[in-house]
Structures are given as structure tokens and as C-alpha cells.
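Following: one structure in C-alpha cells, then a few remarks.
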Amino acid sequence: MKIPPVKGTRDFYPPQMAVHNFINDGWKRASIRNGFEEYDGPIFEYLKMYQIKSGDEIVDQLFNFKDRGDRHLAIRPEITPTLARMVNQQINALSKPIKWFSVPRLCRAERPQKGRLREFYQWNIDIIGIDDVLADAEIIFTTIDYLRQLGLKPADVKAKISSRKLLAALLCNIGIPEEKLDSLYPLLDKKAKLPADTFEELLKENVCDGAKVKTILDLMSVDSVEKISDIINLNQEAQAALDEIKHLFDLLAVMDIGEYCVFDMSIVRGLAYYTGVVFEVHDMVGDLRAIAGGGRYDNLLRDFGGPAISATGMGMGDCVLEILLRQRGLLKDGQLQTRKVEFFVAYVNDELLKNVLEITARLRQADISTSFSYKAQNLKKQLKQAAALNAEKCIILGDELEQGQIVIKDMSTGEQSCVDMGEFFKNL
RNA sequence: GUGAAUGUAGCUCAGUUGGUUAGAGCACCGGAUUGUGGAUCCGGGGGUCGGGGGUUCGAGUCCCCUCUUUCACCCCA
């Protein structure tokens, strides 16, 4: 009986594994050079953990099950709750700020579509304990630092940045009641996705005031922080939020990623728990879903039973990223080697197999990758196999061995020389 | 969860209005007088045509159901 792979999962054959490692290694290097430490947690947690942050509706969006002790568990759909739990558990022992990263494998029980599978990897970086846009700037910088290092230019990707705090203050400023905000956010978040007239229609239904709708529409389409004060008179709270985001853009410019960053009021993020700066990284050419998203979530640790400590972070999945890199020609099939040995030991007859094994074992003990043929096929075959393994050099064992000599052949130049075996090992 | 499209060798696809033992390229394996590689040539293995049911003398081809994949919606942590 043939069993197919599960819907929305991927098999990583060596070439795909090479791609995965390429992405994963880049994430790790970017994290480390930006001063983050790696952590990880279990791949399943109590189901309840995910309900705290996302509500009960989340349950059928994730893989959940009961263990034999009747505990309701779920495979992690995100790692932020685990991070909150881990940090809370040792909050007094951890030196601040906490700058941690992780590349968890996550599962969500959704129907797969372009750039979204049911199992994927997501790079997460978080800074906990810094209530300053400087930390948000660090998060955005690290995100862009990685993308830029891959070869993506400002014309390819942009971080669209806004602020929940600013949005809330502005909406209150124009007279939207505070209790209405939570229902308004998901609608505003859809602005880019809906046709302009549909969006306006829905906004009218929600706000029921023509003048306010007009102001909101004007606000949502501003492309720079400066223009906001042209549209409405700012109260103190809104002014403070505005100054904060201005400051953030100053910092980003100083860090030399200004070209990659734009202010965009329509970035709202669906989730309720964001409290300050929010951002999404988007592809500027195609119509891919967001490459990365993040923001400040100052209440989350408290919601998980810890102290009120501010936090800000970012998540980037591997699916959209891979599509983007392929579209831009920054990742090509066959570009990444899956096979590579330094030495391939060839031999001309079966009596020499012992010598082959001896030499191979010695090289491997010296941490030099080495392979050989399991059959003493003709030399042509063996060199062909060596080439297929991307061997740098071949050692050829033949009659010369009687004088303690081996032939070393450089596979890229084709040059070969006869050397004394003792000398060879001495010079390794 | 809703809707649409798709499914023939490992991969990319041919397959005539239903008609004999279902084909190609690439890949894989093996050979071309056994001590020199990525080429070329020759040969080989491999498919219950996604699965099940139906119509028919006869189904890869037509009908129904189901599964997969893809795309969009919902959602997007």
C-alpha cells in the first residue's frame, strides 16, 4: 500500500534540503551578527496557550490532540507564546534586554495556497525589555539586513511601517469611540486588498459619518509622516505618537536602510495585541503575500501571567521568501551543491580494496571528506563517479603502490602527480 | 470550511470522433576489447493512465463519487 505525503507538507530531498539550509543559514547568520541569541521550545504546547492570544476561533486552525492523560495539546502554529512562557519562567534570571531568535518549524491546519503551506519554517527575532523605538528599529534593521544580504534591493522589497498607537490616537482624535477601534482595525487592514469603492462602502457602514469617513480615507493614503498634520489638528496623544514614528524613521535613515522603508498607514495587522510600531515587508514587483511582519506587543508577557514588560519582534516564513528569491533569480535549481567530497579514492583491482579502506579511514579521521567506489570497476567508471560526487581530488591506487607511491589527480585541472604515501599523510 | 481548475513512467508531457501488447525527451541502471572524469552511441528496467463505481461488445478517452495538487475566498499568529 502506497501512502501519500500529507496535504500541505514538503519532502526535503537533497536539492530542496540545500535550499532550506541556504535560507536557514542566512537567517542564523543575520541573527547572530545583529546580536541575537538562539532559543527553541517544544513543538507542542497546551492548546490553551494559543487561545490566550488568539481566542477560541484559533482551535480549528491548528493541529490539536489529546494525550493519554486527557491533556489538550496542539502543535505549535507560532512560537511567540512559547517565547512568552519561557521568558516569564525565568524573567528575573535573564539579563535585559533579551534579544533572542529562533527558526521553528510550525504547523497550521489551513488549506494550502501560494506561499502558504500547512508546515513551514519561520524566522523569529524578538527584543524584550526595551520600551523604545530603538528596539523596533533594530528589529526592522535586522530584517532588512538579511534581505539586503541576499541581494534584494529597495526596488524589490519595502518595509511598510505604521504605528498602532498613532492610528488609535488619530482615530480617537477625530471622534471615533475607543471601543470601536478593535472592530475597525481588521477593516482598515484590508484596504490594500479591496477595491477602493468597496473599501469606502464598508467604511461608511462601520463609521456612519461622512466627514469622518473622508478624514479616515485621507489619513489612510498619506505616504509620509509629515502630511498627517495637514489633514487633522493633532491632540497631545496623537502628536506624541507622531513624534515617535518620526523618530523611528530618523533612526532607520541613520542605519542606512531608509531606502527600504516607507510609512504606510494601511499597515494595521489583523491581530489585536499589537500596541505600537507595526510593519510588513512586501514584494514590490509581484503580488505575493507579505514576506515578513512584526511589531510591538507590550502586553503579551503580562497576558501570559508575567510582568508588564515591553516587547517587539518579527516573523518571516520560508515559503513566500523562496518564491520571491526564485522570481528574482537569486535562487536557482542546481545552484547549490548537495554533494561534495575532498578526496575520492579509486583503485584498479579488488586486491587493493584494503588499501582503499585504510587510506579512506585515515583521511576521514583527519576530518577530510572522502569517498570510494564499492566495486573495483574500471577506472573510467570510478572517475566518472568521482566527478558526480564533485570530488576535488582523486587518489588513484595502482601498481605504484608497491613502491609506496600513490597518484593524486586534481579534478578541476586534470593534473596529476605521483607522491609518496608517507609524505602525503605528513603534509595533510 | 466555500468555489474553480488539474491528475498518463522518478520529472516534463504526447496519446487522433471510445477500438488491439500506452509512447517520447530528460533522469536512473548497464554496455561500447577491463590505468584516466562531466561528452557521444547502443541497450535496459520502470506505468492496474490518482482511486472506486457506472455506460459500452470495448474506456487513458464519456458520466458520477472520492482523493491529490494548484489557484482564489475565509483566515493569516
Side-chain angles (χ1 to χ4, degrees), chain A residues 1-11 13 15 45 49-55 57-62 74-84 104 106-118 120 122 124 126 185-186 189-190 193-194 268-274 278 280 287-295 297 300 313-317 319-320 323 333-334 339 344 346-350 352 373 375-401 406-416 418:
Chain A
M1 183 170 62
K2 244 186 198 171
I3 298 175
V6 176
K7 182 211 290 271
T9 62
R10 287 173 289 181
D11 292 327
Y13 287 87
E45 294 270 6
M49 258 203 5
Y50 303 111
Q51 292 170 295
I52 291 175
K53 188 179 135 193
S54 311
E57 319 79 63
I58 201 74
V59 173
D60 41 81
Q61 310 246 49
L62 41 78
I75 300 177
R76 62 187 181 189
E78 57 168 331
I79 203 168
T80 309
T82 301
L83 171 68
L106 307 175
C107 292
R108 297 176 184 174
E110 298 171 302
R111 192 171 281 201
Q113 55 185 289
K114 190 174 189 181
R116 192 165 76 173
L117 297 171
R118 300 210 298 182
F120 56 97
Q122 189 184 64
N124 281 77
D126 291 275
Y185 289 147
D189 190 50
K190 286 200 175 74
K193 257 190 139 176
L194 295 170
V268 180
R269 309 282 287 157
L271 268 290
Y273 72 87
Y274 286 109
V278 285
E280 285 176 4
D287 54 347
L288 299 173
R289 61 183 65 244
I291 297 156
Y297 52 99
L300 194 68
M314 182 284 300
M316 178 188 298
C319 301
V320 175
I323 295 170
D333 280 324
R339 289 187 276 208
F344 185 92
Y347 52 118
V348 298
N349 63 58
D350 284 321
L352 295 170
S373 170
K375 284 178 285 185
Q377 292 169 300
N378 59 39
L379 205 50
K380 192 170 184 156
K381 271 266 148 67
Q382 293 188 63
L383 288 174
K384 205 167 173 173
Q385 191 184 345
L389 291 172
N390 292 312
E392 283 171 32
K393 287 170 182 154
C394 271
I395 293 174
I396 299 168
L397 303 186
D399 301 335
E400 309 88 340
L401 200 57
I406 56 176
V407 174
I408 310 286
K409 182 182 176 77
D410 186 303
M411 293 298 279
S412 54
T413 63
E415 287 168 18
Q416 64 182 56
C418 207

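Every chain is numbered from 1 and lettered A, B, ... according to where its sequence line falls, protein lines coming before strand lines.
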A side-chain contact here means heavy atoms from C-beta on lying under 4.5 Å apart; do [X] and [Y] qualify?
X        : Y        : answer
A:Leu106 : A:Pro77  : no
A:Tyr273 : A:Ser54  : no
A:Val407 : A:Glu400 : yes
A:Gln113 : A:Arg289 : yes

Within the structure shown, what part of the strands sits under 4.0 Å from [X] by heavy-atom distance: base, sugar-phosphate, or nothing?
X        : result
A:Leu62  : nothing
A:Lys53  : sugar-phosphate
A:Gly317 : nothing
A:Gly315 : nothing
A:Pro4   : nothing
A:Asp60  : nothing

Of the listed nucleotides [options], the one nearest the side chain of [X]:
X        : options             : answer
A:Asn390 : B:U36, B:G38, B:A77 : B:G38
A:Gln416 : B:U36, B:A72, B:G37 : B:U36
A:Lys375 : B:C76, B:A39, B:G30 : B:G30
A:Glu110 : B:G31, B:C75, B:A39 : B:C75
A:Glu400 : B:U36, B:G35, B:C75 : B:G35
A:Tyr273 : B:G35, B:G38, B:A77 : B:A77
A:Arg116 : B:C75, B:G38, B:U36 : B:C75
A:Ser54  : B:G37, B:U34, B:A77 : B:A77
A:Arg111 : B:C75, B:U2, B:A77  : B:U2
A:Lys7   : B:U68, B:C74, B:A77 : B:U68

First encountered from the 5' end of RNA chain B, between A:Ser412 and A:Ala109:
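That would be A:Ser412.
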Let me spell it out: for each of A:Ile58 and A:Leu194, pick the nucleotide of RNA chain B with the closest heavy atom. Which residue's pick is nearer the 5' end?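 That would be A:Leu194.
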Under the criterion side-chain contact (heavy atoms from CB on, under 4.5 Å), I'd like the reasoning laid out for A:Leu117 against A:Thr9: C-alpha separation, chi angles, the key distance, then a yes or no.
CA-CA 7 Å; A:Leu117 297 171; A:Thr9 62; over 6 Å; no
Which whole-number value in Å describes the distance from [X] [atom1] to [N] [atom2]?
X        : N     : atom1 : atom2 : result
A:Leu106 : B:A77 : CG    : P     : 13 Å
A:Lys114 : B:C71 : NZ    : C1'   : 9 Å
A:Arg10  : B:U70 : CZ    : P     : 11 Å
A:Phe344 : B:U36 : CZ    : C1'   : 13 Å
A:Asp126 : B:A77 : CG    : C1'   : 12 Å
A:Leu379 : B:U34 : CG    : P     : 12 Å
A:Lys193 : B:C76 : NZ    : P     : 10 Å
A:Lys393 : B:G37 : NZ    : C1'   : 17 Å

Can you tell me, in whole Å, how much space there is between the [atom1] of [N] and that of [M]?
N     : M     : atom1 : result
B:U61 : B:U55 : C1'   : 14 Å
B:C13 : B:U8  : C1'   : 9 Å
B:G1  : B:G18 : C1'   : 39 Å
B:G60 : B:U21 : P     : 10 Å
B:A5  : B:A9  : C1'   : 24 Å
B:U12 : B:G7  : C1'   : 14 Å
B:A22 : B:A14 : C1'   : 11 Å
B:G10 : B:C71 : P     : 23 Å

For atom CZ of A:Arg339, is the number of surrounding heavy atoms from other residues, nucleotides or ligands below 6.0 Å larger than 12?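 No, not enclosed.
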- Message: Heavy-atom count check: over 12 atoms from other residues, nucleotides or ligands less than 6.0 Å from A:Asp60 CG?
- Response: yes
Any side-chain N or O of [X] below 4.0 angstrom from OP1/OP2 of [N]?
X        : N     : answer
A:Lys190 : B:C76 : no
A:Gln61  : B:C75 : no
A:Lys384 : B:U36 : no

Stems field, RNA chain B, Watson-Crick or wobble, 3.5 Å, at least 3 pairs, by first number, holds B:1-5 with B:69-73, B:10-13 with B:23-26, B:28-32 with B:40-44, B:50-54 with B:62-66
> What about A:Arg108, does its side chain sit under 3.5 Å from the base of B:C76 through a donor-acceptor pair?
Replying inline: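 Result: no qualifying N/O pair found.
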Can you tell me how far CZ of A:Arg118 sits from CZ of A:Arg108, rounded to the nearest 0.5 angstrom?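 The distance works out to 13.5 Å.
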### Query
Between A:Asp410 and A:Ser412, is there a donor-acceptor pair closer than 3.5 Å when you use the side chain of the first and the backbone of the second?
yes
| field | Minimum heavy-atom distance A:Thr82-A:Tyr50, with the two atoms named | value |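 Of all heavy-atom pairs spanning A:Thr82 and A:Tyr50, the closest is OG1-OH, 4.2 Å.
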Closest non-hydrogen atoms of A:Lys409 and A:Leu383, given as atom of the first, atom of the second and distance, are CD-CD2, 4.3 Å
